Structures are given as C-alpha cells and as structure tokens.
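Quick caveat: nothing in here was measured; it's all calculated off a predicted structure.
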Amino acid sequence: MLVVSTDPAHSLGDALDVRLSGAPKQIARGLDAAELDADRALSRWFGERERAFRVLASRGTYLDDEDVDRLLSQSLPGVDELIGLLELNRLASLHRYDDVVVDTAPTGHTLRLLSMPETLAKFGRVLDDLQQKHRWMAESLRGRYVPDASDATIDEIERQADELRALVRDEARCSFHWVLLPEELALREAEDGIAALRRIGARVAEIVVNRLTPPPRGRCALCEGRRAEEGRIVREAKDAFPGLPLRLVPSTDEEPRGLDALRRLASASAAQPRAARTASSTPKANGGWNPPDGVRLLLFGGKGGVGKTTCAAACALRLAGTGKLVLLLSTDPAHSLGDALGVALSDEPREVVERLTARELDADRAFASRRDQYRQSVDELFDALRGGARFDATFDRIVVQDLIDLAPPGIDELFALLAVTKALQGTFDVVVVDTAPTGHALRLLELPGKALGWIHALLEILLKYRRVIGLGDLARTLTTTARELRELEALLRDPGRSLFIPVTRAAELPRMETERLLAALRGARIAAGPVLVNALTPPGCARCRRAAAAEETALSALRRRTPAMLGAPAVTPAPRGTRALLAFSRTWTPR
C-alpha cells in the first residue's frame with residue numbers, strides 16, 4: 001500500500017512523524033509513504049516530451065526555440081493538481097501497489113485536481129491546433145500526410161486525459177472518504193463538495209466525522225456544550241447523506257503522531273457519542289485587535305480547519321464597527337464565507353451590515369472575462385488582415401488564440417484577486433481576504449510575478465506578427481493587465497499597507513505548518529501580522545486542563561518563530577452570523 005499527499009502544504013510526514021519526499025519510502029511492512037514534489041514531477045514529465053513540444057511550436061507558428069522556452073517556462077510551473085494526478089498514476093503503476101491512499105489538498109483544490117483530466121485534454125487540443133498547420137501544408141505539397149512523433153505525443157496526452165477521467169469515475173478502482181469536523185461550516189462545505197463529486201461521477205464511500213468530544217468525567221460546561229453541538233451536526237450529516245456510512249472518530253488528549261498513535265486512532269472509530277445536556281460557551285466582549293494605521297489589505301490564511309474564514313469575517317465586522325468602509329472577499333474555491341456570515345453570497349458584492357460589503361470571488365468568471373477580451377482582440381486583428389500575408393491566417397489565428405490557454409495555473413484566481421486593488425482605488429478603506437488553505441494561498445501570492453512574466457512572454461511572441469497584423473487593442477489589453485498585476489504585487493509587498501494574518505491552532509501539525517508558512521511569507525517578502533491562535537481551551541474539567549497544558553507547550557514553541565501572537569478562545573457552538581462573529585472578534589487578546 002502507498003499513502004501519498006498531493007497537498008502543496010504537506011502534513012503527511014508530520015502526522016507519520018517521518019521525513020518524506022517525492023519518492024516512496026517504506027515506513028512499515030507493506031506500507032510506503034510519499035509527499036509529491038510537483039516541480040520535480042513536472043520536470044520529469046516535460047523533459048520526456050520537450051523535443052516534441054519544440055517541434056510542434058515551431059511548426060505551428062513563427063516561434064523559435066527562445067520563444068518556446070519563454071512561453072513554456074512561464075506557463076507550466078506550479079501545475080500541482082495536474083501533475084499530482086499524473087504522478088499518482090505513475091507511482092501506482094511503477095510499484096504495483098494494491099492500494100493507494102491519497103491525502104488531498106483541502107476541498108476547493110481537490111475539486112480542481114479532479115477537473116485536471118479536462119485541463120490535460122485542453123492542452124492536447126492546443127498541441128493539435130499547432131500541428132494542424134503542418135498537416136495541411138504536408139497534404140498541400142505532397143498530397144498526403146504521414147503521422148510522426150509529434151502526433152504520437154498528442155495522442156499520448158489525449159490518452160492520459162481519458163485514462164485519468166476514467167479512473168476517477170470507476171467505482172471499482174476509486175472512492176472518496178470525506179472527512180469533516182463536527183462544525184456547521186465543515187458540514188456545509190461537505191454538502192457542496194460531495195455534490196460536486198457526484199456530478200463528475202465519482203463514488204463517495206463514507207463520511208468521517210473527526211475529533212468528537214468524549215464525555216467528561218464530571219460537570220464541564222465546555223465539553224457538554226461541544227457534545228451537544230457535535231451531536232446536532234452528526235444528526236444533520238446523517239440526514240444530509242442518507243445511505244452513506246458515517247464513521248465517528250473521537251478526539252484524543254494528545255494529537256496522534258507516529259504509527260502507533262495512528263493505529264490506536266484507527267481502532268477508536270466509534271458509534272455516535274451519547275447525548276449530552278445542551279450547554280454553550282459564548283464569547284465575552286473584553287478585548288479585540290485592530291491592524292496598524294495605514295494597513296489597507298488583510299489576508300487571513302492557514303491550514304484547513306483552523307477557522308480562518310471565521311476569523312476573517314470577525315475582523316471585517318470589527319473594522320466596519322470602527323467606522324471603516326470594508327470589503328470582505330473570499331478567494332477559496334470552496335467558499336464558506338456566506339455560511340459563516342449566515343447570508344447568501346456570490347461574485348456580486350452584497351452589503352452584509354452597514355459599512356461592510358462581502359463577495360465570494362468567482363475565479364472562473366474572472367478569467368473567462370479576460371480570455372474573451374483577449375480572443376475578441378485577436379479576432380479583430382485577423383479580421384482586419386489584408387492580402388499579401390506571408391502566413392496562412394486561418395491556422396495562425398487559432399494558434400494565437402490558443403496562447404491564452406497556456407496561462408500559468410491558478411491565474412484564474414489571480415485575476416479574481418485584482419478586485420482588491422480596484423476596491424482600494426475606489427471607496428473602500430480596507431479589504432479583508434479569506435484565502436484558500438496554506439499551500440494554494442502561497443501559490444496565489446507568488447502568482448503576480450509569474451503572471452507578469454507570462455504576459456511579457458506573450459507580448460514578445462505576438463510582436464513577431466506585428467508587421468503583418470499589428471497589435472492595436474490586443475497590446476493595450478495585455479499592457480493594462482500587466483499594470484494591474486504590478487500594482488497588486490507592490491501592494492502585497494508593502495508592509496505599511498498589507499499584512500498576512502496566519503491563523504492556527506495550538507497543536508503540533510498546525511504549528512509546524514504555520515512555521516513553514518511564516519518562512520514562505522518571508523521568502524516572498526510579504527509581511528506577516530500577529531499569528532492568531534484560535535480555539536484555545538478555557539478552564540474546565542480535568543480533560544480541558546490537560547488540553548490547555550498541551551496547547552501551552554505548542555504556543556511556547558510557536559513564540560520562538562513569531563514576534564507577535566493573538567489568542568482566541570474555543571467557542572461552542574462556533575460563531576455564525578454577524579452578531580456572534582462581532583462578539584468573537586472582541587475575545588482576541590495578546591499571548
């Protein structure tokens with residue numbers, strides 16, 4: 001058996017308490033583990049096909065080797081989801097594993113991973129369009145066309161796309177086990193995610209509800225309140241997913257790390273916990289945190305399940321209450337912002353309360369708008385083409401249009417994020433962003449520079465057509481986008497205007513991921529604000545006291561990595577709706 005992580009922010013090695021790499025490593029008899037290295041896998045995949053790609057590009061356009069290098073180097077790095085699927089398939093075939101267990105990225109990007117067969121098929125179509133001109137010329141000159149190695153590469157890519165699509169939809173070979181915390185937002189996200197899996201024909205085998213509170217030995221308002229709320233979520237999960245097995249996993253006093261602890265956790269899956277008296281803990285309005293003066297962009301991010309959406313919404317409400325005009329955005333493909341606020345949100349801005357507007361960004365829509373604008377400009381250029389051209393306009397029109405489909409992965413989310421600079425140039429005082437979980441949030445923050453490189457490469461390539469068709473509106477379209485990207489990049493790297501607030505929990509796996517996040521932010525020259533440690537256990541029963549002591553150990557380790565830290569208490573039920581979120585924001589205190 002192979003257990004493998006496709007999450008860019010790997011935690012599998014942390015959970016197993018072993019150092020992992022992209023190569024499978026034996027960690028027990030009959031069990032190997034790996035954390036996929038997307039960049040290395042991409043280099044291998046691309047290197048095996050590089051010659052064919054160069055031939056295809058040179059046949060289909062005026063591109064030379066320098067152009068091909070520039071375009072492909074800007075377009076392909078970071079294809080985490082696509083290469084993840086291809087590498088999984090390769091490892092499973094190479095080592096002949098009976099079973100492969102995959103620790104995927106959080107919801108939104110797992111669903112993107114499952115759409116990658118379509119992305120690969122689209123790439124195959126782009127290559128086919130490049131080859132089509134060569135086929136037409138060969139038939140015109142020689143009366144027939146004989147397929148060559150380039151055609152074989154295209155066929156191979158199309159076959160890979162078909163195989164991956166079939167694998168995901170084959171119930172005998174692939175199934176999904178959906179894991180959620182017993183919390184309202186997690187249940188709503190599960191409903192959306194499982195519906196999406198079913199739409200693509202994937203089989204969901206079971207629902208796993210993790211970290212259920214065990215019964216306290218004595219009276220404990222916190223534990224009893226948690227158990228009452230968790231029991232409600234479990235009952236709702238049964239109603240939401242009729243016919244699906246429900247596996248219940250209890251919380252443990254210590255975070256399970258290493259094989260022995262994980263084996264004990266696996267054997268502890270239990271029946272639904274017995275009913276508990278209804279109780280709750282509510283936040284008291286005794287504190288709160290405000291960003292430094294001049295900061296206009298706050299990005300909240302962290303490991304999935306730590307409460308970053310709740311914290312982002314709470315902060316935005318607090319800032320609006322101080323008189324600022326605030327825009328609250330979600331860039332997470334698996335949006336939970338509307339669920340946290342208790343309102344229906346979409347890509348259209350909606351006023352939630354006075355001085356607070358919220359929006360769940362639609363990345364597909366943002367990129368589609370840019371793509372349509374680009375293609376319209378291409379069509380206008382080729383429609384204006386007069387006689388005397390030195391190349392066949394029909395094929396070159398297709399090829400130039402195809403260049404937009406070689407955009408860097410994740411650029412759709414980046415184009416959506418350009419709403420930030422537009423908002424700050426307009427009437428808003430502050431923009432608060434609920435980002436995707438760690439790995440993909442970092443990729444998004446690195447993208448402005450990569451996207452700028454891609455646009456410059458695209459302009460250089462298009463200049464080769466200038467003496468025939470000019471550039472006109474197409475050049476203006478691309479240079480305007482480049483200016484917007486430069487403004488966004490400057491904003492993200494200005495510590496006087498922008499802060500990234502890492503949200504975490506006082507446990508080993510979240511702490512370790514937060515330390516890697518802080519290092520990555522320093523490398524990207526993005527200023528980090530105080531680390532917000534969420535869901536700290538307040539005084540209670542003996543189990544609560546043990547939990548608080550373990551949390552203090554994790555906090556002590558984290559203090560060595562960050563100059564500032566905030567703490568927020570565990571609240572049962574989790575704050576939802578504007579009033580509860582605003583009260584929650586007042587509980588944040590320095591640690």
Side-chain angles (χ1 to χ4, degrees), residues 5-7 9 11-12 15 101-114 175-199 202-214 225-252 255-256 262 265-266 268-273 302-311 330 332-340 342 434 436-438 440 503-505 507 509-510 513 534-535 570-576:
S5 167
T6 62
D7 188 344
S11 291
L12 181 59
V101 178
V102 182
D103 171 31
T104 67
T107 304
H109 290 88
T110 291
L111 297 178
R112 284 181 61 135
L113 179 144
L114 298 176
S175 65
F176 291 82
H177 299 250
W178 195 279
V179 183
L180 70 146
L181 295 175
E183 298 173 358
E184 183 77 25
L185 297 191
L187 178 59
R188 301 295 159 236
E189 186 172 312
E191 289 175 337
D192 293 341
I194 289 174
L197 289 174
R198 286 171 169 166
R199 283 195 296 273
R203 179 173 76 93
V204 179
E206 67 174 353
I207 309 295
V208 180
V209 186
N210 195 21
R211 294 202 337 225
L212 287 159
T213 303
R226 279 176 171 169
R227 282 167 52 75
E229 174 67 5
E230 291 167 2
R232 181 184 70 83
I233 296 297
V234 168
R235 290 191 295 274
E236 286 196 20
K238 286 182 176 179
D239 293 339
F241 310 114
L244 279 182
L246 204 63
R247 182 186 298 272
L248 307 182
V249 181
S251 181
T252 57
E255 189 173 29
L262 292 170
L265 180 67
S269 300
Q272 180 174 347
K303 187 177 178 65
V306 298
K308 63 181 182 57
T309 301
T310 298
C311 294
S330 169
D332 189 344
H335 297 297
S336 294
L337 193 55
D339 295 331
D434 170 34
T438 306
H440 290 88
V503 182
T504 189
R505 292 199 178 191
L509 263 63
E513 183 164 315
N534 192 23
V571 178
T572 303
R576 187 173 182 230

Identify the heavy atoms of [X] and [Y] that sit nearest to each other, and give their distance.
| X | Y | answer |
| --- | --- | --- |
| Val209 | Pro182 | CG1-CB, 3.8 Å |
| Trp178 | Gly193 | CH2-CA, 3.5 Å |
| Leu509 | Ala15 | CD2-CB, 3.9 Å |
| Gly305 | Leu181 | O-CD1, 3.8 Å |

From [X] atom [atom1] to [Y] atom [atom2], the distance as rounded to the nearest 0.5 Å:
| X | Y | atom1 | atom2 | answer |
| --- | --- | --- | --- | --- |
| Thr310 | Leu337 | OG1 | CG | 9.5 Å |
| Ile194 | Phe176 | CD1 | CZ | 11.0 Å |
| Asn210 | Leu265 | CG | CG | 6.5 Å |
| Ile207 | Leu248 | CD1 | CG | 11.0 Å |
| Thr6 | Asp103 | OG1 | CG | 7.0 Å |
| His177 | Leu244 | NE2 | CG | 11.0 Å |

[X] (side chain) donor-acceptor with [Y] (main chain) under 3.5 angstrom:
| X | Y | answer |
| --- | --- | --- |
| Glu230 | Thr213 | yes |
| Asp339 | Leu185 | no |
| Thr438 | Lys303 | yes |
| Glu184 | Arg576 | no |

Heavy-atom distance under 4.5 Å between the side chains of [X] and [Y], does that happen here?
| X | Y | answer |
| --- | --- | --- |
| Pro437 | Lys308 | yes |
| Thr309 | Ser330 | no |
| Leu180 | Val208 | no |
| Glu255 | Arg211 | no |
| Val306 | Val503 | yes |
| Val234 | Leu212 | yes |

Check: Can Arg505 and Glu513 be counted as an ion pair, charged N to O under 4.0 angstrom?
Finding: no

Next item on the list: Applying salt bridge (Lys or Arg N to Asp or Glu O under 4.0 Å) between Glu229 and each of Arg226, Arg232, Arg227, report the one that passes.
Entry: Arg232

Next item on the list: Take Glu189 and Glu183 through the side chain to side chain contact (heavy atoms under 4.5 Å, CB included) test and state the conclusion after the steps.
Entry: CA-CA 10 Å; Glu189 186 172 312; Glu183 298 173 358; over 6 Å; no

